[in-house]
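For reference, the structure discussed in these notes is given below.
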Amino acid sequence: MPNIKVKSNGCYDGIWGEPMEELVVHMKGIVKERGKLRIGPMDLDIPKGYVTAIVGSNGSGKSTLMNMVMQIIHPDQGQIELLGHTLAGDHQWELKRRIGYVQEQSWNDQNGDTLEQIVNQMKYWYPTWNQALYERLVTVFEIDPKQRLGKMSKGTRRKCEFIIGFVHEPDLLLLDEPSSGLDPLSWKIMLDEIRAYMDRGERAVLLASHIIDEVKRLADYVVFMHRGKLLGKYEKDQLMDDWKALWVEAGPELNCESLRRLGGVMALENEGRNVVKIVTLDVTLTEKALEQAGLRILRTGGVELDEILTYLIQQS
Amino acid sequence: MWIPIQINENSAEPLYHQIEVQLRSLILSGQVEEGTLLPSIREFANDLKCSVITVRRVYQDLESEGLLRTKQGTGTFVARVGSDERDRHRKTAVVEAMESAVDVGIQVQCTKEDLKAIFQEVLDAKYKG
(Lines give C-alpha, C1' and ligand atoms only; values in the text may rest on other atoms or scores of the structure.)
Protein backbone atom coordinates (compact mmCIF):
# COMPACT_ATOMS: atom_id res chain seq x y z
CA MET A 1 0.00 0.00 0.00
CA PRO A 2 1.45 3.38 -0.92
CA ASN A 3 2.68 5.61 1.87
CA ILE A 4 0.01 8.25 1.82
CA LYS A 5 0.76 11.78 2.89
CA VAL A 6 -2.43 13.42 3.98
CA LYS A 7 -2.22 17.16 4.31
CA SER A 8 -3.97 18.81 7.23
CA ASN A 9 -6.82 19.82 4.97
CA GLY A 10 -7.43 16.18 4.06
CA CYS A 11 -6.12 16.45 0.50
CA TYR A 12 -3.94 13.74 -0.96
CA ASP A 13 -0.72 15.03 -2.38
CA GLY A 14 -0.65 13.97 -6.01
CA ILE A 15 1.08 10.65 -5.39
CA TRP A 16 -0.93 8.68 -7.90
CA GLY A 17 0.56 10.36 -10.91
CA GLU A 18 -1.94 13.14 -11.37
CA PRO A 19 -0.64 16.71 -11.37
CA MET A 20 -0.72 18.81 -8.22
CA GLU A 21 -4.02 20.53 -7.62
CA GLU A 22 -4.65 23.66 -9.59
CA LEU A 23 -6.96 26.06 -7.85
CA VAL A 24 -9.98 27.75 -9.34
CA VAL A 25 -10.57 29.78 -6.19
CA HIS A 26 -8.04 30.84 -3.58
CA MET A 27 -9.42 32.83 -0.66
CA LYS A 28 -7.19 34.27 2.01
CA GLY A 29 -8.16 36.13 5.17
CA ILE A 30 -11.72 36.69 3.99
CA VAL A 31 -14.03 38.64 6.27
CA LYS A 32 -17.52 39.87 5.42
CA GLU A 33 -20.10 41.40 7.72
CA ARG A 34 -23.69 40.69 6.76
CA GLY A 35 -25.98 42.24 9.32
CA LYS A 36 -25.64 40.13 12.44
CA LEU A 37 -23.53 37.49 10.75
CA ARG A 38 -19.79 37.85 10.50
CA ILE A 39 -18.26 35.56 7.91
CA GLY A 40 -14.65 34.61 8.44
CA PRO A 41 -11.84 35.23 8.89
CA MET A 42 -11.32 32.29 6.59
CA ASP A 43 -8.99 30.75 4.05
CA LEU A 44 -10.42 28.46 1.42
CA ASP A 45 -9.03 26.76 -1.68
CA ILE A 46 -11.25 25.22 -4.32
CA PRO A 47 -9.35 22.76 -6.56
CA LYS A 48 -9.87 22.29 -10.29
CA GLY A 49 -11.20 18.94 -11.51
CA TYR A 50 -13.25 18.26 -8.39
CA VAL A 51 -16.60 18.96 -6.82
CA THR A 52 -16.31 20.83 -3.54
CA ALA A 53 -19.38 21.03 -1.35
CA ILE A 54 -19.92 23.67 1.31
CA VAL A 55 -22.15 22.10 3.90
CA GLY A 56 -23.98 24.12 6.48
CA SER A 57 -27.44 25.04 7.62
CA ASN A 58 -29.26 28.11 6.35
CA GLY A 59 -27.59 31.18 7.78
CA SER A 60 -24.16 29.57 7.88
CA GLY A 61 -22.84 32.00 5.27
CA LYS A 62 -22.47 29.64 2.34
CA SER A 63 -24.52 31.72 -0.09
CA THR A 64 -22.53 34.81 0.85
CA LEU A 65 -19.38 32.89 0.04
CA MET A 66 -20.77 32.00 -3.40
CA ASN A 67 -21.75 35.62 -3.99
CA MET A 68 -18.19 36.73 -3.24
CA VAL A 69 -16.85 34.24 -5.78
CA MET A 70 -19.35 35.59 -8.31
CA GLN A 71 -18.23 39.14 -7.50
CA ILE A 72 -21.81 40.03 -6.67
CA ILE A 73 -20.53 41.29 -3.34
CA HIS A 74 -16.98 41.99 -2.22
CA PRO A 75 -15.26 40.95 0.99
CA ASP A 76 -14.55 43.57 3.66
CA GLN A 77 -11.10 42.10 4.18
CA GLY A 78 -8.89 39.55 2.52
CA GLN A 79 -8.08 38.49 -0.98
CA ILE A 80 -9.77 36.31 -3.56
CA GLU A 81 -7.99 34.79 -6.54
CA LEU A 82 -10.38 33.48 -9.15
CA LEU A 83 -9.19 31.34 -12.06
CA GLY A 84 -5.70 32.69 -11.50
CA HIS A 85 -6.70 36.35 -11.36
CA THR A 86 -6.73 38.49 -8.23
CA LEU A 87 -10.08 40.19 -7.70
CA ALA A 88 -9.62 43.84 -6.89
CA GLY A 89 -13.12 45.16 -6.38
CA ASP A 90 -13.75 45.90 -10.04
CA HIS A 91 -15.85 43.54 -12.12
CA GLN A 92 -13.74 41.32 -14.28
CA TRP A 93 -16.07 40.47 -17.14
CA GLU A 94 -13.76 37.98 -18.82
CA LEU A 95 -13.84 35.96 -15.62
CA LYS A 96 -17.62 36.18 -15.39
CA ARG A 97 -17.88 34.56 -18.80
CA ARG A 98 -16.10 31.52 -17.45
CA ILE A 99 -18.38 31.02 -14.45
CA GLY A 100 -21.90 29.68 -14.21
CA TYR A 101 -24.17 30.31 -11.25
CA VAL A 102 -27.36 28.50 -10.34
CA GLN A 103 -28.65 30.52 -7.42
CA GLU A 104 -30.83 29.30 -4.63
CA GLN A 105 -33.52 31.94 -5.06
CA SER A 106 -35.14 32.73 -8.37
CA TRP A 107 -34.64 36.19 -9.83
CA ASN A 108 -37.96 38.02 -9.83
CA ASP A 109 -36.54 40.18 -12.62
CA GLN A 110 -36.83 37.16 -14.89
CA ASN A 111 -40.50 36.42 -14.17
CA GLY A 112 -41.71 38.03 -17.38
CA ASP A 113 -39.08 36.44 -19.59
CA THR A 114 -39.19 33.18 -21.46
CA LEU A 115 -36.21 30.85 -21.56
CA GLU A 116 -35.88 31.58 -25.25
CA GLN A 117 -35.62 35.32 -24.63
CA ILE A 118 -33.05 34.93 -21.87
CA VAL A 119 -30.99 32.51 -23.89
CA ASN A 120 -31.04 34.66 -27.03
CA GLN A 121 -29.29 37.38 -25.09
CA MET A 122 -26.88 35.07 -23.35
CA LYS A 123 -25.53 33.14 -26.27
CA TYR A 124 -23.72 36.17 -27.61
CA TRP A 125 -22.19 36.99 -24.29
CA TYR A 126 -20.67 33.58 -23.65
CA PRO A 127 -18.07 32.46 -26.19
CA THR A 128 -18.37 28.85 -24.96
CA TRP A 129 -22.15 28.68 -25.44
CA ASN A 130 -23.08 25.11 -26.40
CA GLN A 131 -26.22 25.25 -28.53
CA ALA A 132 -26.47 21.47 -28.94
CA LEU A 133 -26.30 21.01 -25.18
CA TYR A 134 -29.00 23.66 -24.72
CA GLU A 135 -31.34 21.96 -27.17
CA ARG A 136 -30.76 18.56 -25.65
CA LEU A 137 -31.48 19.80 -22.11
CA VAL A 138 -34.66 21.58 -23.17
CA THR A 139 -35.87 18.27 -24.64
CA VAL A 140 -34.73 16.04 -21.81
CA PHE A 141 -36.17 18.38 -19.15
CA GLU A 142 -39.35 18.84 -21.18
CA ILE A 143 -39.30 22.63 -21.07
CA ASP A 144 -41.35 24.99 -23.19
CA PRO A 145 -38.87 27.73 -24.11
CA LYS A 146 -41.74 30.08 -24.95
CA GLN A 147 -43.30 29.95 -21.50
CA ARG A 148 -42.71 32.81 -19.10
CA LEU A 149 -40.54 31.81 -16.13
CA GLY A 150 -42.94 33.41 -13.68
CA LYS A 151 -45.69 31.08 -14.85
CA MET A 152 -43.68 27.90 -14.41
CA SER A 153 -43.86 25.43 -11.56
CA LYS A 154 -40.97 25.61 -9.11
CA GLY A 155 -39.32 22.50 -10.49
CA THR A 156 -39.56 23.56 -14.12
CA ARG A 157 -38.19 26.98 -13.33
CA ARG A 158 -35.30 25.40 -11.46
CA LYS A 159 -34.46 23.36 -14.53
CA CYS A 160 -34.43 26.56 -16.59
CA GLU A 161 -32.16 28.24 -14.08
CA PHE A 162 -29.86 25.27 -14.28
CA ILE A 163 -29.76 25.45 -18.07
CA ILE A 164 -29.01 29.18 -17.92
CA GLY A 165 -26.07 28.66 -15.58
CA PHE A 166 -24.78 25.50 -17.18
CA VAL A 167 -25.05 25.51 -20.90
CA HIS A 168 -22.00 27.69 -21.62
CA GLU A 169 -19.89 24.96 -19.99
CA PRO A 170 -18.14 27.24 -17.50
CA ASP A 171 -14.75 26.53 -15.96
CA LEU A 172 -16.35 27.00 -12.58
CA LEU A 173 -19.97 26.04 -11.89
CA LEU A 174 -21.57 27.35 -8.72
CA LEU A 175 -24.63 25.44 -7.56
CA ASP A 176 -26.67 26.62 -4.60
CA GLU A 177 -29.06 23.89 -3.45
CA PRO A 178 -29.45 22.55 -7.01
CA SER A 179 -32.00 19.82 -6.31
CA SER A 180 -34.40 22.18 -4.57
CA GLY A 181 -37.92 21.73 -5.96
CA LEU A 182 -36.90 18.98 -8.36
CA ASP A 183 -38.60 15.63 -8.78
CA PRO A 184 -36.26 12.63 -8.39
CA LEU A 185 -36.04 11.90 -12.12
CA SER A 186 -35.07 15.45 -12.98
CA TRP A 187 -32.48 15.42 -10.22
CA LYS A 188 -31.01 12.23 -11.65
CA ILE A 189 -30.82 13.80 -15.10
CA MET A 190 -29.13 16.85 -13.63
CA LEU A 191 -26.59 14.65 -11.82
CA ASP A 192 -25.78 12.82 -15.05
CA GLU A 193 -25.33 16.11 -16.88
CA ILE A 194 -23.03 17.49 -14.20
CA ARG A 195 -21.03 14.30 -14.28
CA ALA A 196 -20.70 14.34 -18.07
CA TYR A 197 -19.72 18.04 -17.97
CA MET A 198 -16.95 17.27 -15.45
CA ASP A 199 -15.78 14.40 -17.65
CA ARG A 200 -15.57 16.62 -20.73
CA GLY A 201 -12.92 18.93 -19.33
CA GLU A 202 -10.94 20.25 -16.42
CA ARG A 203 -13.71 22.00 -14.56
CA ALA A 204 -14.67 22.67 -10.98
CA VAL A 205 -17.99 22.66 -9.22
CA LEU A 206 -18.68 24.53 -6.01
CA LEU A 207 -21.84 23.26 -4.43
CA ALA A 208 -23.59 24.82 -1.45
CA SER A 209 -26.00 22.46 0.22
CA HIS A 210 -27.53 21.21 3.40
CA ILE A 211 -29.06 18.21 1.63
CA ILE A 212 -26.96 15.17 2.41
CA ASP A 213 -27.89 13.17 -0.68
CA GLU A 214 -26.75 16.02 -2.94
CA VAL A 215 -23.41 16.11 -1.21
CA LYS A 216 -22.86 12.36 -1.15
CA ARG A 217 -23.63 11.94 -4.84
CA LEU A 218 -21.59 14.85 -6.10
CA ALA A 219 -18.87 15.90 -3.72
CA ASP A 220 -15.20 14.97 -3.67
CA TYR A 221 -14.38 17.50 -0.96
CA VAL A 222 -16.55 18.76 1.86
CA VAL A 223 -16.20 22.10 3.64
CA PHE A 224 -18.23 22.58 6.79
CA MET A 225 -19.54 26.00 7.70
CA HIS A 226 -21.42 27.19 10.74
CA ARG A 227 -22.45 30.74 11.64
CA GLY A 228 -19.90 32.23 9.25
CA LYS A 229 -17.00 30.11 10.43
CA LEU A 230 -15.18 27.41 8.48
CA LEU A 231 -15.07 24.21 10.54
CA GLY A 232 -12.73 22.38 8.20
CA LYS A 233 -12.19 21.05 4.70
CA TYR A 234 -12.07 17.30 4.21
CA GLU A 235 -11.89 14.76 1.49
CA LYS A 236 -15.41 13.30 1.62
CA ASP A 237 -14.51 9.63 1.57
CA GLN A 238 -11.79 10.07 4.16
CA LEU A 239 -14.44 11.58 6.41
CA MET A 240 -16.81 8.67 5.84
CA ASP A 241 -14.00 6.18 6.50
CA ASP A 242 -12.73 7.83 9.68
CA TRP A 243 -15.98 8.66 11.45
CA LYS A 244 -17.72 5.60 12.81
CA ALA A 245 -20.07 4.62 15.59
CA LEU A 246 -18.81 1.74 17.72
CA TRP A 247 -20.96 -0.28 20.08
CA VAL A 248 -18.74 -1.58 22.86
CA GLU A 249 -19.38 -4.29 25.42
CA ALA A 250 -19.19 -2.50 28.76
CA GLY A 251 -19.46 -4.71 31.81
CA PRO A 252 -20.86 -3.23 35.04
CA GLU A 253 -17.40 -2.78 36.49
CA LEU A 254 -16.31 -0.54 33.63
CA ASN A 255 -16.18 3.20 34.21
CA CYS A 256 -17.86 4.29 30.98
CA GLU A 257 -16.77 7.88 31.35
CA SER A 258 -13.15 6.79 31.12
CA LEU A 259 -13.84 5.74 27.53
CA ARG A 260 -14.34 9.39 26.64
CA ARG A 261 -10.61 9.92 27.02
CA LEU A 262 -9.70 7.30 24.43
CA GLY A 263 -8.14 8.62 21.23
CA GLY A 264 -10.61 9.89 18.65
CA VAL A 265 -13.74 9.69 20.82
CA MET A 266 -16.19 12.51 20.08
CA ALA A 267 -19.25 11.28 21.95
CA LEU A 268 -20.34 8.53 24.24
CA GLU A 269 -23.74 7.15 25.13
CA ASN A 270 -24.55 4.47 27.63
CA GLU A 271 -27.28 2.46 25.96
CA GLY A 272 -27.83 0.24 28.96
CA ARG A 273 -27.67 -3.56 28.98
CA ASN A 274 -23.89 -3.34 29.12
CA VAL A 275 -23.57 -1.58 25.79
CA VAL A 276 -21.90 1.77 25.27
CA LYS A 277 -22.06 3.62 21.95
CA ILE A 278 -18.97 5.61 21.00
CA VAL A 279 -18.76 8.04 18.10
CA THR A 280 -15.19 8.43 16.87
CA LEU A 281 -13.56 10.68 14.30
CA ASP A 282 -10.72 8.22 13.88
CA VAL A 283 -11.93 4.64 13.88
CA THR A 284 -8.46 3.14 13.47
CA LEU A 285 -7.16 5.00 16.51
CA THR A 286 -10.14 4.19 18.69
CA GLU A 287 -10.25 0.52 17.68
CA LYS A 288 -6.62 0.17 18.69
CA ALA A 289 -7.24 1.90 22.03
CA LEU A 290 -10.23 -0.35 22.73
CA GLU A 291 -8.20 -3.42 21.89
CA GLN A 292 -5.46 -2.34 24.27
CA ALA A 293 -8.04 -1.79 26.97
CA GLY A 294 -9.33 -5.31 26.34
CA LEU A 295 -12.76 -4.12 25.28
CA ARG A 296 -14.88 -5.90 22.69
CA ILE A 297 -16.56 -4.12 19.78
CA LEU A 298 -19.99 -5.61 19.19
CA ARG A 299 -20.98 -3.64 16.14
CA THR A 300 -19.74 -0.87 13.85
CA GLY A 301 -21.90 1.71 12.11
CA GLY A 302 -21.46 4.64 9.76
CA VAL A 303 -21.92 8.30 10.74
CA GLU A 304 -23.82 10.54 8.34
CA LEU A 305 -22.43 13.86 7.13
CA ASP A 306 -25.05 15.91 8.95
CA GLU A 307 -24.24 14.12 12.19
CA ILE A 308 -20.54 14.83 11.64
CA LEU A 309 -21.38 18.50 11.19
CA THR A 310 -23.34 18.46 14.46
CA TYR A 311 -20.38 17.00 16.35
CA LEU A 312 -17.98 19.48 14.77
CA ILE A 313 -20.29 22.34 15.73
CA GLN A 314 -20.45 21.07 19.30
CA GLN A 315 -16.71 20.85 19.43
CA SER A 316 -16.06 24.34 18.05
CA MET B 1 -22.33 -0.34 -17.71
CA TRP B 2 -23.32 -1.39 -14.27
CA ILE B 3 -20.84 -3.11 -12.05
CA PRO B 4 -22.28 -5.01 -9.07
CA ILE B 5 -20.32 -3.50 -6.22
CA GLN B 6 -21.84 -2.84 -2.82
CA ILE B 7 -20.40 -0.40 -0.36
CA ASN B 8 -21.01 -1.11 3.29
CA GLU B 9 -21.02 2.25 5.08
CA ASN B 10 -21.20 0.52 8.43
CA SER B 11 -17.96 -1.36 7.98
CA ALA B 12 -14.69 -0.13 9.45
CA GLU B 13 -13.02 -1.08 6.16
CA PRO B 14 -12.09 2.01 4.10
CA LEU B 15 -14.22 2.65 0.99
CA TYR B 16 -11.38 2.35 -1.50
CA HIS B 17 -10.48 -1.03 -0.02
CA GLN B 18 -14.03 -2.38 -0.18
CA ILE B 19 -14.32 -1.35 -3.83
CA GLU B 20 -10.91 -2.74 -4.71
CA VAL B 21 -11.58 -6.13 -3.14
CA GLN B 22 -14.89 -6.51 -4.96
CA LEU B 23 -13.66 -5.26 -8.31
CA ARG B 24 -10.57 -7.45 -8.12
CA SER B 25 -12.79 -10.42 -7.42
CA LEU B 26 -15.11 -9.63 -10.31
CA ILE B 27 -12.13 -9.45 -12.66
CA LEU B 28 -10.30 -12.53 -11.42
CA SER B 29 -13.43 -14.64 -11.39
CA GLY B 30 -14.11 -13.60 -14.98
CA GLN B 31 -17.48 -12.03 -14.20
CA VAL B 32 -16.19 -8.81 -15.73
CA GLU B 33 -14.45 -10.00 -18.84
CA GLU B 34 -11.12 -9.07 -20.32
CA GLY B 35 -11.44 -6.08 -22.62
CA THR B 36 -14.48 -4.64 -20.85
CA LEU B 37 -14.42 -0.86 -20.76
CA LEU B 38 -15.03 0.29 -17.20
CA PRO B 39 -17.15 3.35 -16.44
CA SER B 40 -15.42 6.72 -16.33
CA ILE B 41 -14.01 7.58 -12.93
CA ARG B 42 -16.71 10.13 -12.22
CA GLU B 43 -19.54 7.89 -13.47
CA PHE B 44 -18.39 5.09 -11.21
CA ALA B 45 -18.02 7.52 -8.31
CA ASN B 46 -21.57 8.79 -8.80
CA ASP B 47 -22.94 5.22 -8.91
CA LEU B 48 -21.14 4.25 -5.74
CA LYS B 49 -21.74 7.60 -4.00
CA CYS B 50 -18.03 8.03 -3.41
CA SER B 51 -15.51 10.60 -4.62
CA VAL B 52 -13.41 10.53 -7.80
CA ILE B 53 -10.35 10.48 -5.59
CA THR B 54 -11.35 7.06 -4.29
CA VAL B 55 -12.20 5.62 -7.71
CA ARG B 56 -9.02 6.98 -9.23
CA ARG B 57 -7.08 5.28 -6.46
CA VAL B 58 -8.85 1.96 -7.10
CA TYR B 59 -8.24 2.11 -10.85
CA GLN B 60 -4.58 2.98 -10.30
CA ASP B 61 -4.00 0.28 -7.68
CA LEU B 62 -5.58 -2.39 -9.89
CA GLU B 63 -3.65 -1.12 -12.89
CA SER B 64 -0.38 -1.52 -11.02
CA GLU B 65 -1.49 -5.07 -10.19
CA GLY B 66 -1.91 -5.69 -13.88
CA LEU B 67 -5.66 -6.19 -13.75
CA LEU B 68 -6.56 -2.98 -15.55
CA ARG B 69 -5.01 -0.93 -18.28
CA THR B 70 -5.72 2.67 -19.22
CA LYS B 71 -5.71 3.99 -22.74
CA GLN B 72 -5.23 7.74 -22.77
CA GLY B 73 -8.32 9.40 -24.20
CA THR B 74 -10.40 6.22 -24.26
CA GLY B 75 -10.69 4.89 -20.75
CA THR B 76 -9.83 2.05 -18.44
CA PHE B 77 -10.14 -1.56 -19.61
CA VAL B 78 -9.95 -4.93 -17.94
CA ALA B 79 -6.61 -6.50 -18.77
CA ARG B 80 -5.86 -10.09 -19.61
CA VAL B 81 -5.66 -12.21 -16.49
CA GLY B 82 -3.49 -15.31 -16.57
CA SER B 83 -5.05 -18.65 -15.60
CA ASP B 84 -2.55 -19.10 -12.74
CA GLU B 85 -3.77 -15.92 -11.20
CA ARG B 86 -7.40 -16.96 -11.63
CA ASP B 87 -6.75 -20.26 -9.90
CA ARG B 88 -4.92 -18.56 -7.05
CA HIS B 89 -7.83 -16.19 -6.63
CA ARG B 90 -10.38 -18.99 -6.60
CA LYS B 91 -8.43 -20.77 -3.91
CA THR B 92 -8.03 -17.56 -1.84
CA ALA B 93 -11.75 -16.85 -2.06
CA VAL B 94 -12.61 -20.31 -0.76
CA VAL B 95 -9.97 -20.19 1.98
CA GLU B 96 -11.31 -16.84 3.19
CA ALA B 97 -14.89 -18.10 3.24
CA MET B 98 -13.88 -21.17 5.21
CA GLU B 99 -11.91 -19.07 7.68
CA SER B 100 -15.01 -16.95 8.31
CA ALA B 101 -17.07 -20.08 8.86
CA VAL B 102 -14.55 -21.48 11.34
CA ASP B 103 -14.51 -18.12 13.17
CA VAL B 104 -18.27 -18.38 13.63
CA GLY B 105 -17.84 -21.96 14.87
CA ILE B 106 -15.24 -20.82 17.40
CA GLN B 107 -17.52 -18.01 18.57
CA VAL B 108 -20.34 -20.46 19.33
CA GLN B 109 -17.78 -22.81 20.90
CA CYS B 110 -17.75 -25.73 18.49
CA THR B 111 -14.91 -28.22 18.74
CA LYS B 112 -12.72 -29.13 15.79
CA GLU B 113 -14.58 -32.44 15.51
CA ASP B 114 -17.97 -30.64 15.56
CA LEU B 115 -16.84 -28.44 12.71
CA LYS B 116 -15.50 -31.33 10.66
CA ALA B 117 -18.79 -33.16 11.01
CA ILE B 118 -20.79 -30.07 10.05
CA PHE B 119 -18.54 -29.48 7.04
CA GLN B 120 -18.98 -33.04 5.84
CA GLU B 121 -22.78 -32.73 6.21
CA VAL B 122 -22.90 -29.51 4.21
CA LEU B 123 -20.54 -30.91 1.56
CA ASP B 124 -22.63 -34.03 1.11
CA ALA B 125 -25.83 -32.02 0.86
CA LYS B 126 -24.43 -29.59 -1.73
CA TYR B 127 -22.77 -32.21 -3.91
CA LYS B 128 -25.71 -34.58 -3.74
CA GLY B 129 -26.30 -36.67 -6.88
Using non-hydrogen atoms and a 4.5 Å limit, figure out which bit of [X] sits close to chain B: side chain, backbone, both or neither.
X      : answer
A:V303 : neither
A:D192 : neither
A:K216 : both

Non-hydrogen atoms of [X] and [Y] that approach each other most closely:
X      : Y     : result
A:R217 : B:D47 : NH1-O, 4.1 Å
A:D199 : B:E43 : OD2-N, 4.5 Å
A:Y50  : B:R56 : OH-NH1, 3.0 Å
A:L218 : B:R42 : O-NH1, 3.9 Å

Query raised in the report: A:D237 and side chain to side chain contact (heavy atoms under 4.5 Å, CB included): which partner among B:V52, B:I19, B:T54?
Result: B:T54
Query raised in the report: By a 4.5 Å heavy-atom criterion (distance strictly below it), what part of B:S11 contacts chain A: side chain, backbone, both, or neither?
Result: backbone
Is there a donor-acceptor pair closer than 3.5 Å between any side-chain N or O of [X] and the backbone N or O of [Y]?
X      : Y      : answer
A:K244 : B:E9   : yes
B:N10  : A:T300 : no
A:D220 : B:S51  : no

Quick check on [X]: does its [atom1] atom have over 12 non-hydrogen neighbours (other residues, nucleotides or ligands) under 6.0 Å away?
X      : atom1 : answer
B:R80  : CZ    : no
B:R86  : CZ    : yes
A:E291 : CD    : no

Report task. Apply the test side-chain contact (heavy atoms from CB on, under 4.5 Å) to residues B:I53 and A:K236: give CA-CA distance (whole Å), side-chain angles for both, the deciding distance (0.1 Å), then the verdict. Result -> CA-CA 9 Å; B:I53 296 163; A:K236 187 195 70 181; over 6 Å; no
Requested in this report: State the CZ-CZ distance between A:R195 and B:F44, to the nearest 0.5 angstrom.
Outcome: 13.0 Å
Query raised in the report: Roughly how far, to the nearest 0.5 Å, is the CE atom of A:M240 from the SG atom of B:C50?
Result: 10.5 Å
